[in-house]
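I have placed the structure first, in the form of structure tokens, so that the comments after it can refer back to it.
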Number of protein chains: 2
Amino acid sequence: MDWEDLLGRRGHRVTASRRAVMTALESVDVPLAAAEVLEQARTRHPRLGLVTVYRTLDLFQELGLVRRVHREGGCHVYTTASPGHHHAIVCRHCGRAAEFTGCQEIHALIQRAEDETGFQIDGHMLQLSGLCHQCARAIERTG
Amino acid sequence: MDWEDLLGRRGHRVTASRRAVMTALESVDVPLAAAEVLEQARTRHPRLGLVTVYRTLDLFQELGLVRRVHREGGCHVYTTASPGHHHAIVCRHCGRAAEFTGCQEIHALIQRAEDETGFQIDGHMLQLSGLCHQCARAIERTG
DNA sequence: ATCCCTGCAAAGACTTTGCAACGAT
DNA sequence: ATCGTTGCAAAGTCTTTGCAGGGAT
């Protein structure tokens, strides 16, 4: 089912703001903070405000359309909650992102974590950090 | 090695504030937010201020004495940490936390990701979500 | 036309910074 | 005596709330 249909069925309206927020999240493969969603979404809908971004992300999360995860440094990031899932690698220097799919290794780890802790684990979010090839070389040169 | 010795060796001082913070964390088996640490610790050291709690928790975290984990609702909670690299999992329902050890599986995944993307990866953030044993059972019973 | 949604401003929650006094070594 | 540490106040970051006008249905 399309997310616009879902909104309609739950009595919510489909607006330009909401389309812009959803498009922003769909256009990148990295989770975005609210302020980053705003920046992205304003390219399509310049009148958009940060408050609306927060409210829209809350709504989308309630409907299961996006997932809210924590980021080191104190703010939350939001990502589309597609059933198929991906992991992101973000360059700490230039922000370039690469996507990395498949997590057989993580499933094994989760299995072990469940055994060790007794928790029933139903989701995971892994983000790798480091330097992309270009930045790693540039930094090597300049010391 | 005792944490007070560790502080000394790294050039940090052992103070009443730091003892009060450490005792507060050790006295409970649930992770505490900074404000909760303050409340606890003031029973032993009434002059303690919130700023010092934050600074002390930061220091302890750098030294690997406490672990900072995220809690739904926007603030961080701190818990005493056993040495070594761990990941924390927090129960989505009651907030109880557990640690699990080792991430050989992640290292294998990182190796593969480096080969595939050309990134030089030097860190990872893994967040598991789920329910602790008690909450999983409670929810099962109530439907 | 209805009433949900939006943007602005302001408030709120959590955390960090500046600085002078204090205290562990 | 030295210099790391503390507490207060103030500032900063992230997020939520109040309200009147605007837009989807």
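In the text below, chain A, chain B and the rest are named by the order of the sequence lines, each starting its count at 1. Worth saying up front: this structure is predicted, and the values here are computed from it rather than measured.
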Salt bridge between B/Glu4 and B/Arg18, side-chain N to carboxylate O under 4.0 Å?
-> no
Start with the C-alpha distance between A/Arg68 and A/Asp58, add both sets of side-chain angles, then the distance that settles side-chain contact (heavy atoms from CB on, under 4.5 Å), and finish with yes or no.
-> CA-CA 9 Å; A/Arg68 168 177 169 164; A/Asp58 275 358; 4.1 Å; yes
Tell me: [atom1] of [X] to [atom2] of [N], nearest whole Å?
X       : N      : atom1 : atom2 : value
A/Leu32 : D/dC14 : CG    : C1'   : 16 Å
B/Leu59 : C/dT17 : CG    : C1'   : 17 Å
A/Tyr54 : C/dA13 : OH    : P     : 16 Å
B/Arg19 : D/dT6  : CZ    : P     : 12 Å
B/His76 : C/dT15 : NE2   : P     : 6 Å
B/Leu7  : D/dC3  : CG    : P     : 19 Å
A/Leu50 : D/dT15 : CG    : P     : 8 Å
B/His45 : C/dC22 : NE2   : P     : 14 Å

Of the nucleotides [options], which has the atom closest to the [X] side chain?
X       : options               : result
B/Thr52 : D/dT16, D/dT6, C/dT6  : D/dT6
B/Arg13 : D/dG7, C/dA24, D/dT15 : C/dA24
B/Val51 : C/dT6, C/dC8, D/dA9   : D/dA9

Side-chain donor/acceptor of B/Glu36 to backbone N/O of B/Ala33, under 3.5 Å = yes
Whether over 12 other heavy atoms sit under 6.0 Å from B/His133 NE2 | no
Is [X] near enough to [N] that one of its side-chain N or O atoms lies under 4.0 angstrom from OP1 or OP2?
X       : N      : result
A/Thr15 : D/dA24 : no
A/Arg47 : C/dG7  : no
B/His12 : D/dT6  : no

Considering heavy-atom distances to DNA chain C, does B/Ala34 or B/Val14 have its closest nucleotide positioned more toward the 5' end?
-> B/Ala34
Would you kindly check whether a donor in the side chain of B/Arg55 faces an acceptor in the base of D/dG4, or vice versa, at under 3.5 angstrom?
-> no
Shared ILVMFWY cluster between A/Leu59 and A/Leu38, side chains joined below 4.5 angstrom?
-> yes
